[in-house]
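Data block below; observations after.
So you know, we letter chains A, B, ... as the sequences are listed, proteins then strands, and number each from 1. Atom set for the values below is all heavy atoms of this structure, side chains included, hydrogens, waters and symmetry mates excluded.
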Protein chains: 2
Amino acid sequence: MKTQTNPTIYTLAEKAGVSAATVSRALNNDKLINIKTRRQIQKMAEKEGYKKSPLARNLSLGRTGVIAALLPSINNPIYTYLAAKILERAQERNYSVFLNYSEDSMEREKKILNSFSNIQADGFIIFPSFSDRHEKCLKKLNRPVVIRGSVSGKCPFNAVWIDFHKGAYEATEYLIKQGQKNIRYMGFAGAVSCGDERPSGFIKAMSGNGMKSPYKNIIDTGFNIESAYRTALKFLSQTKPDALLIQSDYLAFGVLRAIGELKLRVPEDISIISFDNIEFSNYGTIPLTTMSQPFDEQAKLLVNTLLSRINNETLPVVHKKLDMKMILRSSVCKKIRNK
Amino acid sequence: MKTQTNPTIYTLAEKAGVSAATVSRALNNDKLINIKTRRQIQKMAEKEGYKKSPLARNLSLGRTGVIAALLPSINNPIYTYLAAKILERAQERNYSVFLNYSEDSMEREKKILNSFSNIQADGFIIFPSFSDRHEKCLKKLNRPVVIRGSVSGKCPFNAVWIDFHKGAYEATEYLIKQGQKNIRYMGFAGAVSCGDERPSGFIKAMSGNGMKSPYKNIIDTGFNIESAYRTALKFLSQTKPDALLIQSDYLAFGVLRAIGELKLRVPEDISIISFDNIEFSNYGTIPLTTMSQPFDEQAKLLVNTLLSRINNETLPVVHKKLDMKMILRSSVCKKIRNK
DNA sequence: GTGAAAGCGCTAACAC
DNA sequence: GTGTTAGCGCTTTCAC
């Protein structure tokens, strides 16, 4: 019972009395090989506990078997969740994923993007969070890329994104229908420069309802939860809007802290709708009404389009927009006006 | 300006008029190579945009360059955060990480563990969440393992864990000092079987203060946030304890929803301490007092001990216990008794 | 239908 | 101090 080294196609070949090439073909279920020998070899491999070496395989195939991903943040669960789903999908297809997070700095985002040309990956998944001016950089990669974010029709890369414009529009309309008048949008202003269409959806709904200067109703929270908290604390101690539309559930939790400190009640004093439908949004003191984005479908789409492109570089570029769904919970109420 | 294939040690060797072996050595900064030629080759590699192929390197070195990890859950941010930190540390050392989540099923945990013997990895990081009876299974792996969880002194694997016992003890003592009397512990009972020492710390503190039958004060919430919510809703509509000690911030958010629905206030009606110090615990309507566990240090320790072991299998087994720190926030108050 | 042999890009034992 | 060579485990072209 000695510790023996793992079986390889050579040891199998020897045992089976055939060549290594035959074993290789048989294990890849190559139709060229006689069905009987094929089965026989497969059975024997199974029995010997044979495991393909991805390393050797990939080296031989001239690929790396890794896809590199750039995501915005480690703290917002939507991204770690998406990352986990991307991982799962990729692992199913025998790819591994090299994860990177830009966190809250444009410099870091650029740096990582540049470092991507040093890392050999078969393809890239990019969530731009500070700038959409990455084209030259991504072109230099010289490898398939899929962007998670809205792009113009002529963008040469695959892209999948969420219809935040429509989502924000619907959410705002809903608030208005509930009798809310003084509504503010809160979010990271920098996101607009890389295709965040929530503000524009908000503005469209507000102007459509005859409200003046909706642009002034947009408040920059900064990128992270702490800055959202601080901004909200300052803002809400001066102003008492009826309702808030918040860029993400994540930032909403920052705002909620400010609301709690100011002894305001949700939704009686202030209604809230946010975006994403992270698991936490359904828990905590007040379950949040939110615009849900599809997780599994999105992750699947991201890795599938990328892998198809990797395996066939001549495929046409695909741009795919996904819809949101409103999840009604307890953070919005009907506004009763007594005047 | 044609698309040329990447430089290899061979193309470099040719250009430099030396052998490939020399290039390889120079790039590994091997002292054997004349310092001048070394620098020269390094410079040229830089200039030509040479990138080492990890595939070829690892194949040659007879390793895979991957470490496989089994974590409990994709939803509790503490694990995704820890995962991200583990990833970072591993990437620094040129290892990639194969992540797996057992989610809420013992079957899945077992299945993944078994599948680990099929995946060639250089080492394993295991967070047991349902059972600690994995020894035979882990032994079969025949590779270095580090366990994140408490183990007995004779456990043959590396392990690092958090001193939850002490943490729970201190948290409970603190509640008692604040005048809380009727205190309950809520958490996933199944965790005890794999070394969760929070309940025992809680019991020790409670009995030490002369409270009778502290065992009855332990409530099983199940594994996930939804079951924690349901359990709390049922429990709290019948009983009104002074304070709750909750196994994790994550589960606390489930409990908070129940508290919110029952129109109870934190901390006026009920005080709360939980564990982990995830980012969310500092936000939401009420910032949570929590027992913080070290993230960065933990991740570093996990991958460092594993990698040392991988590179030197004769190293002694290390068991390392990490301390918690109490983070005072707003979910606990002094209990004023009027009687 | 199967085998021989070269090649993927690197490392390391051995020779000089 | 540097070169030669074999080898890591697989795929695939070309022969037979």
Side-chain angles (χ1 to χ4, degrees), chain A residues 4-42 44-45 48-66 94-96 118-122 310-311, chain B residues 4-42 44-45 48-66 94-96 118-122 310-311:
Chain A
Q4 62 207 1
T5 168
N6 287 329
T8 69
I9 49 171
Y10 291 104
T11 64
L12 290 186
E14 186 157 10
K15 277 223 168 80
V18 296
S19 78
T22 302
V23 174
S24 171
R25 291 190 180 105
L27 294 178
N28 287 325
N29 214 8
D30 186 330
K31 308 246 180 280
L32 248 51
I33 301 296
N34 184 316
I35 179 73
K36 279 186 62 178
T37 42
R38 225 193 299 163
R39 293 273 167 265
Q40 192 177 314
I41 293 175
Q42 290 169 351
M44 137 169 276
E48 299 282 323
Y50 167 80
K51 313 280 137 52
K52 239 198 255 265
S53 158
L55 241 43
R57 181 178 162 81
N58 286 330
L59 181 61
S60 176
L61 290 174
R63 66 183 191 196
T64 63
V66 353
N94 290 315
Y95 277 81
S96 61
N118 289 334
I119 184 197
Q120 308 97 314
D122 296 333
I310 287 177
N311 295 315
Chain B
Q4 62 206 0
T5 167
N6 287 330
T8 69
I9 50 170
Y10 291 103
T11 64
L12 290 186
E14 187 156 9
K15 277 221 169 80
V18 297
S19 76
T22 302
V23 174
S24 171
R25 291 190 183 107
L27 294 178
N28 287 324
N29 213 7
D30 187 329
K31 308 246 179 278
L32 248 51
I33 302 295
N34 185 317
I35 180 74
K36 280 186 59 177
T37 41
R38 227 193 297 164
R39 293 274 167 265
Q40 191 177 313
I41 292 176
Q42 290 168 352
M44 137 168 278
E48 299 282 324
Y50 166 81
K51 311 281 137 51
K52 237 197 256 264
S53 158
L55 242 44
R57 181 178 162 79
N58 286 330
L59 180 60
S60 176
L61 289 175
R63 65 182 192 195
T64 63
V66 353
N94 290 314
Y95 277 81
S96 61
N118 290 335
I119 184 200
Q120 307 95 314
D122 296 334
I310 288 176
N311 296 315

**OP:** In sequence, state the C-alpha distance, the side-chain angles, and the governing distance for A:Leu12 and A:Met44, and then conclude on side-chain contact (heavy atoms from CB on, under 4.5 Å).
**Re:** CA-CA 8 Å; A:Leu12 290 186; A:Met44 137 169 276; 3.9 Å; yes
Partners meeting side-chain contact (heavy atoms from CB on, under 4.5 Å) with [X] (sequence neighbours left out):
| X | answer |
| --- | --- |
| B:Asn94 | none |
| B:Asn28 | B:Ser24, B:Lys52, B:Arg57 |
| B:Asn58 | A:Leu55, B:Pro54, B:Arg63 |
| A:Ser60 | none |

**OP:** Not counting sequence neighbours, list each pair that qualifies as a salt bridge (Lys or Arg N to Asp or Glu O under 4.0 Å) and has a residue in residues 6-23 of chain B.
**Re:** B:Lys15-B:Glu48
Subject >> B:Ile33 CD1 - D:dT2 P separation (whole Å) >> reply: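 Whole-Å distance recorded here is 5 Å.
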**OP:** Give the rounded distance in Å between these two atoms: CG of B:Leu12 and C1' of D:dG3.
**Re:** 17 Å
Subject >> side-chain hydrogen bond (donor to acceptor under 3.5 Å, both in side chains) against B:Ser96, all qualifying residues, sequence neighbours excluded >> reply: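 Testing B:Ser96 for side-chain hydrogen bond (donor to acceptor under 3.5 Å, both in side chains), a comparison that skips the adjacent residues, returns none.
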Original post:
Under the side-chain hydrogen bond (donor to acceptor under 3.5 Å, both in side chains) test, which residues partner A:Ser19, sequence neighbours left out?
Top reply: A:Thr22
Please list every donor-acceptor pair under 3.5 Å in which a side-chain atom of residues 30-37 of chain B meets a protein atom from a residue at least two apart or in another chain.
{"residue": "B:Asp30", "atom": "OD1", "partner": "B:Leu32", "partner atom": "N", "Å": "2.8"}
{"residue": "B:Asn34", "atom": "OD1", "partner": "B:Lys36", "partner atom": "N", "Å": "2.7"}
{"residue": "B:Thr37", "atom": "OG1", "partner": "B:Asn34", "partner atom": "O", "Å": "2.8"}

Original post:
Which letters describe nucleotides 10-16 of chain D, given B = protein heavy atom under 4.0 Å from base, S = only from sugar-phosphate, - = neither?
Top reply: BBBBB--
**OP:** Have a look at the helix from C:dG1-D:dC16 to C:dC16-D:dG1 and give the angle its two end axes make, five pairs each, rounded to 10 degrees.
**Re:** 40°
Original post:
Under the side-chain contact (heavy atoms from CB on, under 4.5 Å) criterion, do A:Gln42 and A:Asn29 qualify, and how do the steps go?
Top reply: CA-CA 9 Å; A:Gln42 290 169 351; A:Asn29 214 8; 3.3 Å; yes
Subject >> Earlier contact from the 5' end, DNA chain D, for B:Lys31 and B:Gly62 >> reply: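 In this pair, the answer is B:Lys31.
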Subject >> Heavy-atom contact window of chain A on DNA chain C, given 5' to 3' at under 4.0 Å >> reply: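 That gives a stretch of C:dG1 to C:dG9.
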